[in-house]
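To start, the structure itself, in structure tokens.
Just so you know, ligand 1 is whichever comes first in the structure, and atom 1 is the first atom listed for that ligand.
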Amino acid sequence: MTSEARILIAPSVLAADFADLGQQVRDVTDAGADLIHVDVMDGRFVPNISFGEVIVDAIRRSTDLPLNIHLMIHNPDDLLPCFMKAKSDQILVHAEACPHLHRTVTKIKEAGHQVGVAINPGTPISALEEVLPLLDIVLVMTVNPGFGGQSFIPEALDKVKRLYRTIQSQGYAAQIEVDGGIKADWTAQDSVQAGATILVAGSAIFNNHESIPDAMKGMRGCLFS
Ligand code: DX5
Ligand code: ZN
């Protein structure tokens, strides 16, 4: 990757204390987050249910940062309007969950949002080939989606590298985002080295052993060490 690329940190509120969600979102905003990553899970596409529109609206009221909304929803088309409320929010859908991926991507773009497509660890980059020129973000899952606190899958690094080369060689605009098991260590460093410019971090930012500002400092600091 180029050394000038700015690395964006997107704390995932899935790991936040939901009894104090508004304050946690404000704290992470004040601590220098670039985006707020919001995991919507439907219990069907992934084996877990997180939250839906009402909570996303509450998160949006707690920060001025763009939301990076990760929809882990089977066939999300009918629900898109629930999540496309602030133009600055980025909407990410899963390639595996969209039977009409091109239509879904186009709908999100036409509504004026940045659009991303996520791929699971078992999904090849080729699944994106036909929509890649349209995308603002490709989200490479570095764990199997559904839960926070899982271990980073190292094989995903090679996928990020290959995707980065494809994007560069074709002159596409998409940024690469990584999600799952990212800590302030080699997982963040190697992901950036491979070409990722957006790092999602849940349990590395919201946890019981360090404050949110310290965790954010650690994450940002590890990228320069
Ligand atoms: C997993 C979610 C992730 C999750 C990451 O399905 O998409 O965004 O919150 O959590 P950590 O950083 O703890 O692996
Ligand atoms: Zn996510």
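Between H74 and H94, the distance from one ring center to the other does not fall under 6.0 angstrom.
Within H37, the N, O or S atom lying nearest to the Zn ion (ligand 2) carries the name NE2. Restricting D39 to its N, O or S atoms, the one at the least distance from the Zn ion (ligand 2) is OD1. For H70, the N, O or S atom closest to the Zn ion (ligand 2) goes by the atom name ND1.
Of the possible donor and acceptor atoms, none in the side chain of Q24 sits under 3.5 Å from a partner among the backbone N and O of V13.
Proximity of S203 to ligand 1, defined as any heavy-atom pair under 4.0 Å, is shared by backbone and side chain alike.
Close N/O approach between H70 and ligand 1 is found [any backbone or side-chain N/O within under 3.5 Å].
Atom 3 (C) of ligand 1 has D179 OD1, 3.0 Å as its closest protein atom, hydrogens excluded (heavy atom only). Counting protein heavy atoms only, atom 14 (O) of ligand 1 is closest to G181 N, 2.8 Å. Looking from atom 1 (C) of ligand 1 to the surrounding protein, the closest heavy atom is F147 O, 3.4 Å. Among protein heavy atoms, atom 12 (O) of ligand 1 sits closest to G202 N, 2.8 Å.
Under 4.0 Å is where a charged nitrogen must lie from a carboxylate oxygen, and between D158 and R162 at least one such pair does. Of the charged side-chain nitrogens involved, none lies within less than 4.0 Å of a carboxylate oxygen, so that D77 and R103 do not count as a salt-bridged pair. With respect to the salt-bridge test (charged N to carboxylate O, under 4.0 angstrom), the residues D190 and K161 do not qualify.
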